[in-house]
Every structure is written in structure tokens, then in C-alpha cells.
Amino acid sequence: MQERYDPAAVEGSAQAAWQAANAFAADESAPGEKYYCLSMFPYPSGRLHMGHVRNYPIGDVLARFMRMQGRNVLQPMGWDAFGLPAENAAMANGVPPAQWTRDNIAYMKGQLQSLGLAIDWSRELATCDADYYKWNQWLFLRMLEQGIAYKKTGTVNWDPVDQTVLANEQVIDGKGWRTVAVVEKREIPMYYFGITKYADELRAALDHLPGWPERVRTMQANWIGRSEGVEVDFPYGEDTRALLGRDGALRVFTTRADTLMGATYVAVAAEHPIALAAAKERVELAAFIDECKQGSTMEADLATQEKKGLPTGMTVRHPLTEQLLPVWVANYVLMGYGEGAVMAVPAHDERDFEFAQKYSLPVRTVVGSASGQYDTVTAPWREAYGEAGLLVDSAEFTGLDSATAVNAIAAALGQRGRGARRVQYRLRDWGISRQRYWGCPIPIIHCPDCGDVPVPDKDLPVRLPENLVPDGGGNPLAKSASFLHCDCPRCGAAAQRETDTMDTFVDSSWYFLRFASAGNDRAMVDARADYWLPVDQYIGGIEHAILHLLYSRFWTRVMHTLGLVKTPEPFANLLTQGMVLNHIFHRTPATGRRQYFNPADVDLTVDPATREAKATLRSDGSTVTYEGLGTMSKSRGNGVDPNALTGKFGADTARLFMMFTAPPEQSLEWNEEGVLGANRFLRRLWKAVFDHVSAGGAVPGTLVAEAIAGNALSSADRDLRRAAHQTLAKVEDDIGRRRIFNTAVASVMELLNAVGKHAADAAGSQPAARAVRQEALEIAVMCLAPIVPHVCHELWQSLGHGGELWRTRWRQSDPAALVQDAMEIVVQVNGKLRGRVSVASGASDEVVRAAALADAAVRRFFEGREPKKVIVVKGKLVNVVV
RNA sequence: GCGAGAGUGGCGAAACUGGUAGACGCGCAGGUCUUAGAAGCCUGUGGGGUAACCCGUGAGAGUUCGAGUCUCUCCUUUCGCACCA
């Protein structure tokens, strides 16, 4: 064994050994309970960032740990390879997105492999591979057949200069990112997935996902946004009938049907058909509607925007009183939710109240507080009373409480055919059409005679041409004759392919199922998917809490409905890892753009008195502004290249730093000294094994067992044994149950400190002492194997074992080692720590109590008085109350 | 506005079920080795006090023999949703 720890050599030989043994290939027929460990696959952006260096080792620790626990582990990896950045890079460099993407994949795969991840690379996939996206298309066709996928017009961002559709992220402050032209809204036909059909299922099932963070479940529940209410029809008044030329009713949705008797007007969204009809008669209304359309891009401002509106001049009749109510167009009513129309009850809704005050509309109080006091809502009006309560001035409903009134009013409406209870969701159907090149083609052919014809299964996949280079002016597929022109599969006439591609969220909605059915060219999934699914542990960023995780759940449910997979839910346990943060420094010059500086080039000191941060740039010695901590990003200049980290210290140091500095779910602060600390620990670990081995060789297991069984152990030896076995149990619990790795590492550090002390001890060179130390070092190496696998692979062999630590069964901690002769009991007086006494292990409460009361340090506090009460907590402490 | 978290030394953090607050690491200080430095190694390190002790987990109250942990009020902060009728 070499004296110096050389990470490059150690990592090279460990990785070569794993590859030679094909160590991480997953086999469905292997023994052990299955364990599917999955980290969210990366987008091949070019190179790994620090977030990846944290994320993937987290999954790897679990995968390696579970393998040592005897589980049959699958840990696959792939590439989320379609998407906009490839098109942008293509435009910048003139390279086709396919080439750019595949080059990036090759490079990043090398980086991932150098991290020593226990991945089954034989199942690797990229979503831009035709044998993957073929099945997107295949399932899309099944969804069309089932009516789950359908076509309707949708709104897109249109750049009038480039004559192209823009993705939302290409719209900045309402302007196109390249042209800076004001973006327009356009209505075009698009395909949708009917996720709202599954809204209730998806929401209800959240309650049965105990392995998901509460936070994520809440976010999804809010996103789905279920609310129970009543839909109410307000019949058209005479004037409305005349204007529209037909009879009918204006439908609204309300969760506060109890306030129906207080409705004094009805408000509709600017895009509502009634508003559009009225606008034909009124110029100022048409102008107002245009204004609303313009302003509607910045969603964050909407909530604070001033309430505005105009009357339509039309009226509707109150469904119960037949009273005529005016219809207004209001900017606070959303077309996208409910019916795009609301009944306005100014007395009991803040928004309606604000609006009514502004336009002098009547306010009518119909609910008072339960105690009968409702003076706050009588004139002069100050605010709306939004709480539930008892109904007043509400005809036959007067005196009912709000909940009862909702039922009674819904029933009354039902009798007249003017309303019914209904559940409303915030969730919209999922529009999947993208007017982009680098994505999965939607398998539809447009025939002049037959209309939209699905591509027959036998013609799948519809291959995306890989040699096109986008130029910013529209979708290159529409200009590619060989892609565009085809024959109608139904009538044979000349036809055109659909040029829209699918949202990349479609690609990532089922890749975890394909990993489990890798290589099957006859079916999307097979029985292997039922073996591996659901994913036992899914790991990824919180930024995917809603869209990706909801779409994947939806897609899995669709496949479940179609009988393709047994599980309705894809991910049993979810771990959302925190981000990697670094300091941000900048200067803002008098003219020009803000300039950012890498934290490595800046000295940051904090004044202990004022707590003010002072940052100076080392190169010129003058001040820079400290912005605080933020995610590592190129634009803020605070990134650290993973290659610089692994190149200098090795993958194990990188992994240890990531696992030790913070628990997985928390954000982690980049810290150069912390990396050095991690590296220092690995060198100490190496040296501890080296010292042990060079002082007389590794002690064979038989001799260790003999020494333990015999009677030769000193009390120092027994203490070390106990520490080792306690560590073993703690690490197993921390990784296996708590999913907290920093404390696991800390406990191994303690063990190593104990080994060092034990070795330095006068009797440390005795054969029995060496045997105990051999065992302790083996335990330390075993505990660290999931976290720093390369160095452990090497040290395990140095300790006299073979090269298969990766599949060595985790040791059970020895109960005999944990037994203690004496235990220390803490003695408190009135809850304050006053002393410690040592008693025999398993001593009775009486003995412990007597020992505590006899202690001189304790007696001082109740000299001459009798303790009022003595509480004994078994094995821990005694509290004397005086 | 609504919802979910978080607040502990100079710093990252630990304390899981109410039971020794600050494990482990970083930083810092002193010592040792060295021609010197780097790297090691050893010791110390929440604040106050010569000491006995006292004070300390954002603030204030409460429950309890005992509260970082439970309850209430408030402050600060992060994240998500945001005119959702």
C-alpha cells in the first residue's frame, strides 16, 4: 500500500474494476427486493454544473447503500435531449441541433462517469432518439383514439418581425428576445392532453403519497385548485336578447352561492363573447377590450392592478328575484377560469366592493356575522365582509347560516333549472403543440380531402430530420420539402405533415418507464416495467415540483388506464435536493451593463460590530458590491467548474464535500475551505489505514474474531469496539431511514478520531488492540463506501479483502459490542445540570436515585432540605426538584 | 392576499420520540515538527466572571419536574401560487 493518497490513481483503478465486473448492470431475475433509484435526467447543455455534482451523488449514495443492503438495484441515466437551447446554439454556431446535442451528451457522459456513479449505462437513452420518441407518437395516437388528446385553437406569442412563434421564455417584458418587437397574441390550432379529466384523481392520490415532501404535495394540490361551488344562470334581459338575437342565459361560477341575494351586477372578462358582442355597438368598449389584451402579459402586476371596467349596456335577470342587473366588462375577471363571468356581490367580496365603489354600483348586505352583528357592513361602506355568517335580507333564506344557505339556494336554483352544484378546477388542459423544430414530431398528416389523419402505427416513427439549422424565422420543418410532403395514408392524395412538435415535458413524462423496458423495439413497455415501477426513490430539483412531476403522474395514469402499466403512480418516494449557492459580487458602471465577479477573485470580510459586508476585488483592491448568496449561474459569474474541483481533488472529495456540508434537502453553500476539509479527512482516513497496515499487516478476519471471542480486550479496546458498532448502526439509520448523510459522515469522523487515540495509546500495539482497530477501520470503510466509493474500494483491499466492496453485504452491528458495564447518568437540580454519576448498567431506578442524591456536587443544592420530587429517566438522567 | 417552510457560536451545521444545547467540520488562537514555509500533529475555542457560578437556540407569554423541540401572540426571512369568483 502506498503512503500517499493519490485520488487520480485510486479513482482510475476503482472505475476500471467496476467496469470489468459490469458491476452495476441491473438484472430483473437477480435475487433481492427491487430498488429503483432514479435521479432526474439532465438536459445536455454542454457541461455539468455544480448542481449535477450534488444531485447525482445523492442518488448514488442511496443506490450503493441499498445494493449493500442486499436490494436488487436499478440506477439508470439518460438525456432530456430535445429543447430550445439546442436551436439557439444552432443559430449561434450554424451547427445542427442534433450534432450539438450528441456532442454534449458524449462530453457530459464522460463527466458523469468520472464521478464514479453506479449506473447501468446499458439502459441509457436520449429523448431525441427515434426509438424513444417513436413511443411518444404511439401513445399520442392511443390518446387521440381515447379522446384524451384533442385539437382546439390556442393562444401563442407571435413575433411580428421574425414572423415566428415564441416560447414563453423568449418573451421578455412583452417583447421578443431577438427582435425586441412587441409580442402579439395569435390564435392557432393546437393539440391538447385532457389532464383535467384526471384532475380529481391526481389530487386525491396526493393523500396517498406519504413518501413525498408535504411542500410538493401542497404545491400540486394548489395547482390543481379544486373548488366546490354552484354554477348559476342569469337569464338575458330584453335588451340582451335583442342585441344577441337569441334567448339564453349568462352562466357564472361561484363558491359563495349564499350571497346570491346580494348580487347587484354581473361582470364578464374582456374576452367573453358577451363583451365582444357589445363591443360591436360601442367604440369605447372595443378600445377597452384591446387595452386589457395588451396589458395582460405581466402576470405579477395583475393582482395589484387597479380595477377598471365599462358597462356593456346589457342586462340580465337575477335567477331568483327576476330583478334586472347590469352587465359590466371588468379587467379583474379572468376568461381562463370558471365561465369567465362572475356574479358581483360588493358587500361580501373585496374585489367587487372596490369596483362598486369606483363606479357607484349598489352594495347590498345579505350576510352578517354569526353573533348577529353586521354593523360593519352597513352604510357608510368601508370594506366587504368576506366571512361566512348568518343570512339577512335574503327572502326565505334569511336566518340560515352560510353553509346551509349554499345548499338551499343551490336547490332553489335547481328547481328553476337555473343552477347546480359543480366542482371547478384551476388546472387547464395541457397544450403540447410547439411551433419548434427540435422536438418530437406530432404524428398527424393534413390531407386536403380527409382532414387531419393520424399516422398509422406501421409508419411510426415519424422521423425528425437531423440536418436542419434553424435561422430564427419560423420552424425549419415547414421549409423542409422532404419532411413536409407526403401521401395521405387514407386516400393517397398529396398531403402535408404536421410541423408542430411536442412540448419537451412530454418526453420527460415517461422516460423512467422506458429505462425499465430498455431495448424493446416491439413495445413501449413490457413486464420489466411492472417489476421495477414505481420508482422507489426519485431525486431532483424543487423547480420540477409542479409541471414535470404532475405531467409524469398524469402520463403514468393514462398508461395505467390503457392497461400498459400496473402502477397508477410513478414515484413512491421523492427527495427534492437543495441548490448549490455561492456569493454574488458586482459593480455597476456609470454607463453600460452591470459587471459580475467570480467569488474566487474577491475578498469578503464582515465587520463584527456593524455586521456590514465589505468586498474587495483582489486584482485592483477596490470595493465591489456584495449581493448575497444565490444559485450558481453563468450570468452572475459565480459558478465553479466541476472539472476544476474533481481535477484537483478527485471525485471522492467532491462527493464528500457535497454530502457532508448540508443535508440533501437544504441549500448548500459553496466553500473552498470546506472542500479542503473534505480532502483532509480522506487523507487522514488513508493514513489511518496505512499506519495500521504498515505496523504489522492487515489482521485476518479469523484472528479478529478470536480476539473478540477471547478475554484479551482491554476497556479501551471495548470502548473502541462499542464506538465502531454504534457508528455502524447510526450510519445505517441515517442513510437508510433518515436520508441524512452529513450526520452519517460526522459519526464516521468521530470513529476515526477514536481509532487515532486508540492507536496512540500505550497498549495500542497489543495484538488484541490491533484486531479491534482492524475491525473499526473495516467498519469506517464500509460506512463510507456509498459516499466515497473509490477510496473505499482501495482501502478495503488494503485491509485484506477482495475488490468487491460494492456488493459486500452491510455488516450487522454486534449487540455484544454495544453492551456497557457502567453508564453515566446526568443529575439535574430544578432542571439545571449539576452533576454526573456513574452507575452499573441496568441499575434499578432506586439505585440510580440513591446514587444521584448521594453525589456531593448535587447535595450542595438542597443542603438540609428534603427534595420535593425526584424524576428518574431510565438510562439518562435524574432531576431533583427542591 | 393565500399556502408551505426557516430563524441555534465568527461560519456550515448537530441535537430524530420534550431529557446533558452547539456533535462533526470550517475558521481562529497557542504549542510542536522544520533553516523557513506548506502540509502534519497536539491543545483550546458560545458570552460574562479570578472563581463558585450566571446568561444563552429571533422577541414575548404559556404548558411541564424539565422546552431549541409542544401551544399562543408578534418580528424577520425563504419559497410557491397569485384578481381562481
Side-chain angles (χ1 to χ4, degrees), chain A residues 213-223 225-227 229 252-257 259 267 269 299-307 330-334 336-345 348-352 354-355 424-427 542-543 545-546 605-606 608 611 656-657 660-663 665-678 680-681 683-684 687 730 733-734 737-738 740 742-750 752-753 756 760 824-836 860 867-871 873-882:
Chain A
E214 176 76 38
R215 182 154 88 112
V216 175
R217 285 188 286 161
T218 311
M219 280 163 76
Q220 290 215 350
N222 290 345
W223 188 260
R226 182 182 202 270
S227 47
V252 307
F253 175 77
T254 179
T255 54
R256 288 298 305 274
T259 65
E299 293 213 331
D301 303 336
L302 280 178
T304 49
Q305 189 178 292
E306 192 193 353
K307 307 225 173 335
N331 67 349
Y332 72 92
V333 182
L334 305 175
Y337 184 79
E339 302 293 335
V342 299
M343 63 174 208
V345 187
H348 304 294
D349 182 281
E350 211 180 293
R351 295 153 303 177
D352 298 342
E354 191 186 328
F355 194 82
Q424 176 70 38
Y425 296 96
R426 205 188 77 100
L427 184 69
I542 187 72
E543 67 272 20
I546 296 174
T605 51
V606 179
R611 308 213 47 105
L656 182 64
F657 169 73
F660 177 62
T661 307
E665 309 236 49
Q666 260 179 54
S667 60
L668 178 148
E669 235 179 272
W670 175 257
N671 178 338
E672 189 79 39
E673 275 87 28
V675 176
L676 286 168
R680 187 177 304 145
F681 173 69
R683 290 202 314 259
R684 283 183 53 218
K687 187 164 184 300
K730 174 159 177 61
D733 188 53
D734 281 353
R737 178 181 65 90
R738 301 175 69 204
I740 294 179
N742 54 334
T743 51
V745 173
S747 65
V748 181
M749 286 175 168
E750 280 185 82
L752 202 68
N753 290 342
E824 188 178 69
I825 298 290
V826 166
V827 187
Q828 298 179 330
V829 178
N830 289 335
K832 283 192 172 146
L833 177 65
R834 295 302 182 189
R836 293 158 204 273
R860 297 178 20 234
K868 242 189 232 159
K869 196 172 169 186
V870 178
I871 288 136
V873 181
K874 239 191 184 23
K876 272 205 171 140
L877 64 74
V878 176
N879 190 13
V880 184
V881 187
V882 293

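These figures come from a predicted structure and were not determined experimentally. A, B, ... follow the sequence lines: proteins, then strands. Residue 1 opens every chain.
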If you measure from the [atom1] atom in [N] to the same atom in [M], how many Å do you get, rounded?
N      : M      : atom1 : result
B:rU57 : B:rA67 : P     : 11 Å
B:rC54 : B:rG5  : P     : 38 Å
B:rA61 : B:rG12 : P     : 28 Å
B:rU45 : B:rG10 : C1'   : 11 Å
B:rA59 : B:rC75 : P     : 15 Å
B:rC26 : B:rU50 : P     : 32 Å
B:rU71 : B:rU64 : P     : 16 Å

Worksheet item: Under the rule syn = chi within 90° of 0, otherwise anti, which is B:rG9?
Response: syn
Worksheet entry | Presence of donor-acceptor pair under 3.5 Å, side chain of A:K868 and base of B:rC65 | no
Worksheet item: Once each nucleotide of nucleotides 15-21 of chain B is scored for protein heavy atoms under 4.0 Å, what B/S/- sequence comes out, 5' to 3'?
Response: SB--BB-
Practice prompt. Using a 4.0 Å cut-off on protein heavy atoms (strictly under), produce a 5'-to-3' string for nucleotides 40-53 of chain B with B for base contact, S for backbone-only sugar-phosphate contact, and - for none.
Written response: SS----------SS
Worksheet item: With both distances kept under 3.5 Å, what pairs with B:rC74, Watson-Crick or G-U wobble?
Response: B:rG58
Discussion item. For B:rU69, give the paired nucleotide (Watson-Crick: N1-N3 plus N6-O4 or O6-N4; G-U: N1-O2 and O6-N3; both under 3.5 Å), or none.
Written reply: none
Discussion item. In this structure, how many angstroms lie between the C1' atom of B:rC83 and the OH atom of A:Y332, rounded?
Written reply: 9 Å
Item to complete: Return the value, rounded to whole Å, for the distance between atom CZ of A:R256 and atom C1' of B:rC84.
Response: 15 Å
Discussion item. OP1 or OP2 of B:rC84 versus the side-chain N and O atoms of A:N222: is any pair under 4.0 Å?
Written reply: no
